[in-house]
Amino acid sequence: MPELPEVETVRRGLTRLVQGATIAHVEVRYPKMVTPDADVFTAELISRKIERIDRRGKYLLFRFSGDLTMVSHLRMEGKYDVQPEGSPVSKHTHVIFHLTDNRELRYTDTRKFGRMQLVPTGEETTLAPSLGKLGPEPTAETLTLAYMVKIFGKSHKVVKPFLLDQTRIAGLGNIYADEVLWLSKINPLTPVDTLTPSQLSELRQNIIDEMALAIGGHGTTVHSFSTAFGEAGQFQNQLHVYGREGEPCERCGTELVKIKVAQRGTHFCPHCQPLPPEAKAALIHD
DNA sequence: GCGCGTGTTGATTA
DNA sequence: ATAATCAACACGCG
C-alpha cells in the first residue's frame with residue numbers, strides 16, 4: 001500500500017489500534033527484512049511500549065518507549081494488521097509483534113520488499129539514509145512555490161520521473177504522479193525546466209490537494225487488497241487516468257493512452273496533455 | 001507453461 | 001548528472 005495517502009491511512013489505523021500497546025516478544029520469520037540482525041532486533045523490542053506512530057513521506061516511524069524508533073517502509077505490497085493471538089497466519093507474514101494484551105501486530109508482504117530498521121530516536125535521518133534525503137512533504141506549508149521554482153528550474157529531467165524522485169518531493173508514487181499531471185494538463189515527458197511558473201503553481205496546488213483528497217478517501221486500493229482495518233481505500237473510484245488506458249478522458253473524451261516513461265507505466269490524455277513544442281525540441285536534441 | 005507487468009527503492013553501468 | 005538495467009520477490013493475467 002505504498003504511496004503517501006495509503007501510508008498515512010495505515011498510520012492512522014495503527015495509531016487507533018496499537019498506540020499504547022506493549023510488545024511481549026517479536027517473531028522474525030524472514031530475517032532479511034529487519035535491521036539490525038533478527039536476534040538483536042527482537043531482543044531490543046521486548047517490553048517496549050508503542051508510544052506513537054509517525055510518518056515521513058512513505059515511511060512509517062514507530063516510536064517506542066526508551067527512545068527507540070522503528071523505521072518501516074512497505075515498498076510494493078507491505079501491510080500491517082492486528083489479529084487476536086493464535087489466529088491463522090498467512091505464509092506471507094514475515095514479522096509478528098506479539099502484544100501483551102493477547103493481540104498480534106503482523107507485517108505481511110507477498111514480495112518481501114519491505115524493510116524495517118531500529119534506530120535510536122533522533123538518529124533516523126542519519127542511520128536511515130534515504131529518510132534523511134527526503135524532500136519536503138506535499139503540504140501547503142512545506143512545499144512552497146519558491147522551492148518548486150528552484151528545483152524544477154535547474155533540472156533537465158522529464159517531469160514524470162522527477163515527481164517520483166523522493167529527494168525532490170516526498171510521497172508521490174506512480175499512481176498520483178500520473179493523476180496530478182492529468183489534473184495539471186502537463187505531459188509526462190515534459191522537461192521540468194520548460195514548465196512555466198504558472199504551470200508550476202498549478203502543479204503544486206494539484207499535488208497538495210490530491211494528497212489531501214486521497215487521504216480523505218483512505219487511499220487507493222488496487223488489486224484486490226483490503227486494508228488491515230476493514231476500511232479498504234475508496235480513492236480508486238476517483239482516479240482519472242491511472243489504469244484507465246483505452247477509456248475516454250473525462251475532460252475531452254479522447255482515448256487515454258499508456259506509455260512507458262523511465263520504465264514505469266504512465267497514463268495520460270494525448271489531447272489534454274500535449275507535449276509542448278519546446279519540450280519536443282529538447283527531447284530530440286538529447 | 002511462459003512472458004510480462006505490478007502502488008518501490010537502491011546498486012550498478014554506460 | 002542522468003538514464004538504463006537489474007535486483008530484491010511472488011503472483012495474476014493473457
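Residue numbers start from 1 in every chain, and the chains themselves are labelled A, B, ... in the order their sequence lines are given, proteins ahead of strands. No experiment lies behind these values; they were computed from the predicted model shown.
A gap of 14 Å separates the P atoms of dT5(C) and dC4(B), to the nearest Å. A distance of about 23 Å separates the C1' atoms of dG7(B) and dA3(C), rounded to the whole Å. Between dA7(C) and dG3(B), the two P atoms lie 16 Å apart (nearest whole Å).
Proximity of Leu172(A) to Pro138(A): side-chain heavy atoms (C-beta onward) are nowhere separated by under 4.5 Å. When side chains are defined from C-beta on, Pro5(A) does not count as touching Phe235(A), because their heavy atoms never get closer than 4.5 Å. Annotation: side chain of Phe97(A) is not in contact with side chain of Phe62(A) (no heavy-atom distance under 4.5 Å).
Side chains of Glu6(A) and Tyr176(A): a donor on one and an acceptor on the other come within 3.5 Å. No hydrogens or angles considered: nothing links the side chains of Tyr107(A) and Ser72(A) as a donor-acceptor pair under 3.5 Å. In the model, Lys160(A) has no side-chain atom that pairs as donor or acceptor with a side-chain atom of Asn187(A) under 3.5 Å.
Taking the six-membered ring for Trp, His267(A) and Tyr242(A) have ring centres closer than 6.0 Å.
The residue Tyr242(A) sits close only to the backbone: its heavy atoms come under 4.0 Å of sugar-phosphate atoms, none of a base. Residue Lys154(A) is out of contact with every strand shown, counting any heavy-atom pair closer than 4.0 Å.
Rounded to a whole Å, the CG atom of Leu164(A) is 14 Å from the C1' atom of dT6(B). The CG atom of Asp165(A) sits 13 Å away from the C1' atom of dA3(C) (whole-angstrom rounding). Taking atom CG of residue Leu134(A) and atom C1' of nucleotide dT8(B), one finds them 13 Å apart after rounding to whole Å. Straight-line distance from the CG atom of Leu74(A) to the C1' atom of dG7(B): 10 Å, rounded to whole Å. Taking atom CZ of residue Arg264(A) and atom C1' of nucleotide dC4(B), one finds them 15 Å apart after rounding to whole Å. Note: NZ (Lys157(A)) to P (dA1(C)) measures 11 Å, nearest angstrom. The distance between atom CD of Gln263(A) and atom P of dC4(B), rounded to the nearest whole Å, is 14 Å. Per the geometry, CD belonging to Gln166(A) stands 4 Å off P belonging to dT9(B), to the nearest Å.
OP1 or OP2 of dG10(B) has at least one side-chain nitrogen or oxygen of Ser130(A) nearer than 4.0 Å. Within the 4.0 Å cut-off from OP1 or OP2 of dT6(B), at least one side-chain nitrogen or oxygen of Lys260(A) is found.
Environment of NZ in Lys185(A): sparse, with no more than 12 heavy atoms of neighbouring residues, nucleotides or ligands closer than 6.0 Å. Counting heavy atoms of neighbouring residues, nucleotides and ligands inside a 6.0 Å radius, atom NE2 of His25(A) exceeds 12 of them.
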Show me the protein contacts with nucleotides 7-11 of chain C, counting only N or O atoms at under 3.5 Å.
residue: dA8(C); atom: O3'; partner: Lys32(A); partner atom: NZ; Å: 3.4
residue: dC9(C); atom: OP1; partner: Tyr30(A); partner atom: OH; Å: 3.0
residue: dC9(C); atom: OP1; partner: Lys32(A); partner atom: NZ; Å: 3.0
residue: dC9(C); atom: O4'; partner: Arg111(A); partner atom: O; Å: 3.2
residue: dC9(C); atom: O2; partner: Arg111(A); partner atom: NE; Å: 2.7
residue: dC9(C); atom: N3; partner: Arg111(A); partner atom: NH2; Å: 3.2
residue: dA10(C); atom: OP1; partner: Lys112(A); partner atom: NZ; Å: 2.7
residue: dA10(C); atom: O4'; partner: Thr110(A); partner atom: O; Å: 3.4
residue: dC11(C); atom: OP1; partner: Lys91(A); partner atom: NZ; Å: 3.2
residue: dC11(C); atom: OP1; partner: His92(A); partner atom: NE2; Å: 3.0

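For the pair Lys58(A) and Glu3(A), the salt-bridge criterion is not met [side-chain N within less than 4.0 Å of a carboxylate O]. Under 4.0 Å is where a charged nitrogen must lie from a carboxylate oxygen, and between Asp54(A) and Arg52(A) at least one such pair does.
When atom types are taken as modelled, the side chain of Glu137(A) and the backbone of Ala170(A) share no donor-acceptor pair closer than 3.5 angstrom.
Minimum atom distance to the side chain of His73(A) is reached by dT9(B), of the listed dG10(B), dT2(C), dT9(B).
DNA chain B forms stems at B:2-6 with C:10-14, B:8-14 with C:2-8, each a run of 3 or more consecutive Watson-Crick or G-U wobble pairs whose two key distances fall under 3.5 Å.
Contacts of residues 205-216 of chain A with DNA chain C (heavy atom under 4.0 Å): none.
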